[in-house]
Amino acid sequence: MDALKRSSKTITSLNVNLSLLVCFIVIIFAMLSFSPVFAAEGKLGNSNTATHQLGVKSPATDLWRAVRNRDFGGSKGMSSTSQIKSLGANTFINVKGQEWRKFRQNWLLPYGGYFLVSVVGFLFFLYVVIKKVKIPNGRSGKSVSRLSTMQRVSHWFMVILIGFMALTGLLLLFGRLVAIPVLGLDGFAFVASASKESHNVFGPLVIVSLLLMLIYFIQHNWPAKGDIKWLFSLGGLLSKKHLKIGFFNAGEKLLFWFTIWLGVVLSITGLLLLFPYYEQTEAYTQLAIAIHAIAALLLIAIAFAHVWMVVTIEGTMDAMKDGNVDENWAKYHHSRWYEETTVANKALDVDAHVEEMSSSESRKEGVYQ
Amino acid sequence: MANVKFYCDSERCIECNGCVTACKNENDVPWGVNRRRVVTVKDGEPGERSLSVACMHCSDAPCAAVCPVDCFYTTDNGIVLHDKDICIGCGYCSYACPFGAPQFPESGAFSSKGKMDKCTFCAGGPEETGSAEEYQKYGANRLAEGKLPLCAEMCATKALLAGDANVVSDIYRQRVINRSMSTLASNVRIQKDFLGSSPDLTGKATK
Amino acid sequence: MIANFIDGPLWYFSQAVFAIGIIWKILSLIVGKKKSDLSVARGSSVPGAIRTIFSRFIPDKGMASHIKLQIIAGYLFHLGLFALLFFAAPHVRFLDENFLGFSWITLPHWGFIVAAQVAFLGLLLLFLHRLMHQVTRLISSTGDYLASIITFIVMLTGCLALLEEFSELRLLHRFSVEIFLIYFPFSSLMHAFTFVPSRAFTGAWFGRRGIKS
Amino acid sequence: MSERLERGVEALRGQIDSKVNAFFSSCVNCGICAESCLFYTETQDPRYTPIYKTEPLRKVWKEEFTFWGKFSKKLGLTKSLCEEDLSSWEELVYDGCSMCGRCSMVCPVGIDVADMIYRVKQGLEASGYSPQSLVAAADRAIEFGSPMGNILPALKAHIKHIEADTGLTVPIDVEGVDYMTTISANEIVTFPEYIAALTRIFHHAGVTWTISSEAFEATNSGLQLGDNKIAAELIERIVAAAEKLKVKYIVSPECGHAYSAIRWNGPNFIGRGYKFGVVHILELLDELYHDGRLKLSGMETSKLTFHDPCQLVRRGGVDAQPQELLASVAENIVVMKEHGRMNWCCGGGGGVSAIERAEEIRIKVFNRKKSQLDELNVETVVTACSNCRTVLEDGLDANNMEIPVLGLTELIAEHLVVSDSVSSKSAGSQPLMDAKSSAVSPVPVITKKTMNTDKSSSSKSQKSISDTEDNLKKIEGIGPKIEEILKVGGITTFSKLSTSQYDDLKALLNEAGSRYKMHNPTTWPQQAELANKGAWDELSDLQDRLLGGR
């Protein structure tokens, strides 16, 4: 009972944490989408007054005004060309650059940093405060087979890749704030270069890992009855009855789908970033970096939460080590799955037993029909 | 030393691309890298203007703000330079720069970016002044020799101005005044011819 | 200081260890004790040996469905590594300048990256399979893991140094290569060379008996 | 280091040559061989991974033949081979490997794993970690000439029968003939029809041949045990006999292991080449067939498949001949998904079938063959190795599968053209006998009836060789064990059984133990009466109506 209470607390707090996180994302997106509108309105106001201005004006003023109008009004009548043929050479002034800078410097770096630090800090706090959820009645010593070799391979493949991508990505994002004071400019420069190059090389492999993950895990992650109940009862702890959970509980399914969808978002934006010199992608590239960073921070936070869960709930790690879990663990955490597999196994066992009995009988006695 | 600035006079620029050529030649930049370019607006339409654009050496440079490895620095005279030994070629500066100044040598078909290259105001870089490495990495250091950037010096119509910001703005202000005066003068003539009144040229009642 | 050591003595030492190690092994296979077969041969051994050297590149059909991962990941890794090793522009240039004095066609940059990705994919999957599959987990020795990890590090440092601008990264790559070269003759990495005599021995044995293997 | 361990290490050390060096240098422990080994695939126990079975040899190699091994041994970092290793590997190597060599065919770096396992066997044998049953068999082979003891009298008895039945003479110790035929103990004891088949075929084809009374035994227990001295001694006997009789060829029996021993390993065991040739019986038959000396008629119509004996097809090189011979006498041949060189082992090779304690695992790994056969749904299995045949029959019995297992040579003998046969007075030489006589005939004959789906006659019926006893297994409800019980109780023939009382039979069964109490002998006398009269069709009708003999 004690264990139950404790884990109820942890799961509740995790959910609060998750909802905070969702709010945060919504806010960020809202700001992102509104800020250009504000900016555009301001600029438009200016240009309106300019047309009414009287007196002599420098011809260059008109030029700059036109340039800015063009930049905000799309291709409204004014074209610019250049003899230089390279991407963006025709663009006179790229006003989006300023927005991108604002987003990165004023939003992403500070709030992204706070977000990540608070998530990790919060999880660490939970780790320290909340004791491990022990396997009820301890380990039985009997094990149940849970994950196949390929399932484990694809999981750890993803862990290695996402871990690596997270590490190198975070270095590139926060390295200037965090690592330069430690390593110095020159020291960080080659770390950052290495991060960038390997981030680019390993990036496409994430797509492979997502595919492997989909292939080997999707069968267990379809929504099933009881999932909603699980979510509403916060992991079955608000409900009085012990919830019967299948192969994965709703939380694990959410983790899976979050990983997959964020992974897809990261892959698409990441691929865009891999080909920055393709025509007409400059604006998309800026957007892609923004989305890429936000999705990555979310995924990293979710991954930390996942790690914390595994560390807290005793016996969960076994499944990913050698594919077998303790029988008591299975009974407690995934009772429906346990029953299904054991019933199936027993049926097999019984069959085999009967067969063996009968065959040995007949062998010994030589009964031939 | 005071701040230095570029200014391009759109009334004078004739899109000859002399500045571009001069820059390429003086700094020996690789193919595909254009530290300076001339942009023409309303090409072939009434009101066509051209401007020569390069790094504007901003006071609050966006490139320096977003650089993940902090490779930018501003010299005493306000020139924004960067350290290629630190640059990792991530391209963030190019996303932030309004003028499209940062350039990247493309290495290979995957468009992996090499180290960023941009206008240095012909002021070299962090390497030892006048050294071969400096030239190889950043191009000429004309400023150290007491010369202005070649683009401006080569400008046939003196449209592209470079140098001490105060001097540049004085020159430009003088040009604007001169142009205004001539416009005014022609206005006066028109007024005289058609209205028969004598305008006041003290400058106090120009409206 | 360290840079000089890595580019100088350690480089020559590692090359020497590598070359001597391989020559030693191959000589010991040639000179070493061999049992002569006194039975009357049905087929001949040399064609059998040659046949087997090549035939074992193709996995047995009936087995294929059971060892999909090893086949796919194994081929990805080995082909990727081979492409990187012999067709990456920096390597060709390096070999040209330091050893051979001639060069050959090189991979374009994107080819290099794709080859690296393919090789990484294969190596990581193989490594994880080694860790996760009950059979390989039982039979793998520390040396097998070490060999995989060292190979991985060599490839990784190579990719980190892709920009070819930071001498530290190039040094790191070279250092890891040196470790690799020194470790090579003492480990199962030797299979890169000994697979030929090994297949040849078996092929000859089967060839004598008139069996296609 | 104890003395026996030292002997083992010494033997293992002696096994290390260039080949082993190349093999171990190349092994990257990829684990692919596991999937080729039926002991692994059927048990899913990773210890049965083929290359893992060579671990003792690898340890010695690493420690004494590699720089790093020597170095770390000096530093005391390595754990040397110890007696526990040897004792735990004994079970892996002897019970858990049939030396089928499938692993050798799939290793990506070309390691001949089976060969290495044989080398490990020699180390284990030298240190005394070898199964008692194999050691005993080898001792018997040295002492009596055969692993099954002194079976010369049995052989002579069989020959007497054969001569009586066929009217042909079986030449014994005849000098100057072309072929000296050797026979494996298993064939003499379990499948004597093989000898009859040989006699008829050789006579038919006009081959001059003989059997040496001094060295007729082809099974080489030394090879199974991994003791080269014993193996050499056994080979020497055959060589001496062949040289004494001045034959041109030795004919190896169907048994694949015996073929490997005499054909491929023999000269290396004794350290010199032969003055005569060695041919496998199927090679000889194929040659005769191609020369037109073997005239065959009639085709088997039942759906049958060929089980390729590993030592014959995969490691002996007799690959095409069985296929051709089989195709000449059967028309409905199907092949297993993996066949020929890549067929799965029956699970009893390499001496496994001779190790009593290995029976459990042998039955378990037979599942591989079972599923192969299940896939095909065949009516008959043909093979060319007496050991495979025994193991297959055991395995099929254990799985309640009613598929007769036939020997290829006997099958060929069944299809010899009759008119060419000199003696046609004997019933046994009639290729298409009806079932009635086959039950009483001392020389069992494979008939159409048996080949087809006649469930009442088990393949076991062919084993019965005595003419004073009837094959009681014909009676529905009686198997080999009960037959034994009845015969011990004096009921040896159909007529005796038909006159027996229910109570007497029940008492016999009750005496035999609780396991037999459940059997109901009510209908046995009635069935036996029909059998005694030879009314086989009626019996078969009756049996169709009966359920489990009740």
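Every chain is numbered from 1 and lettered A, B, ... according to where its sequence line falls, protein lines coming before strand lines. Nothing here was measured: the structure is a model prediction, and the numbers come from that model.
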query = Can any side-chain N or O of A:Ser82 pair as donor or acceptor with the backbone N or O of B:Val38 at less than 3.5 Å?
reply =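 A pair under 3.5 Å: yes.
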Heavy-atom closest pair, residues [X] and [Y]:
X: B:Ile88; Y: A:Ala189; value: CG2-O, 3.4 Å
X: B:Pro62; Y: A:Gln98; value: CG-OE1, 4.0 Å
X: A:Ile180; Y: B:Pro68; value: CD1-O, 4.3 Å
X: B:Ala65; Y: A:Gln105; value: O-NE2, 3.0 Å

task = State, with a plain yes or no, whether a side-chain heavy atom of A:Arg104 is found less than 4.5 Å away from one of B:Tyr95.
result =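 Not in contact.
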ask   = If we only count heavy atoms from C-beta on, is the A:Trp100 to B:Val66 side-chain gap below 4.5 Å?
value =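 When only atoms from C-beta onward are counted, B:Val66 and A:Trp100 do touch, with a gap below 4.5 Å.
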task = Mind ranking A:Phe190, A:Phe174, A:Phe188 by heavy-atom pairs under 4.5 Å with chain B and telling me who comes out on top?
result =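 That would be A:Phe188.
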Structural part of B:Cys67 lying under 4.5 Å from a heavy atom of chain A =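 Both backbone and side chain.
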key: Interchain contact, B:Glu15 with chain A, by part (heavy-atom threshold 4.5 Å)   =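 B:Glu15 touches chain A through side-chain heavy atoms alone.
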ask   = Is atom OH of B:Tyr73 surrounded by more than 12 heavy atoms (other residues, nucleotides or ligands) closer than 6.0 Å?
value =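 More than 12 heavy atoms, drawn from other residues, nucleotides or ligands, come within 6.0 Å of this atom.
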request  = Evaluate the side-chain contact (heavy atoms from CB on, under 4.5 Å) criterion for residues B:Asp60 and A:Arg101: first the C-alpha distance (whole Å), next the side-chain angles of each, then the deciding distance (0.1 Å), finally the verdict.
outcome  = CA-CA 12 Å; B:Asp60 174 21; A:Arg101 170 189 174 177; 2.8 Å; yes
key: Top contributor to chain A contacts, counting heavy-atom pairs under 4.5 Å, from B:Cys97, B:Ala96, B:Cys90   =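 Option with the greatest count: B:Ala96.
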query = So what's closer than 4.5 Å to chain B heavy atoms on A:Ile289: side chain, backbone, both or neither?
reply =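 The side chain, not the backbone.
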key: Approximate separation, where rounding is to 0.5 Å, of B:Asp85 CG and A:Ser193 OG   =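 Those atoms lie 11.5 Å apart.
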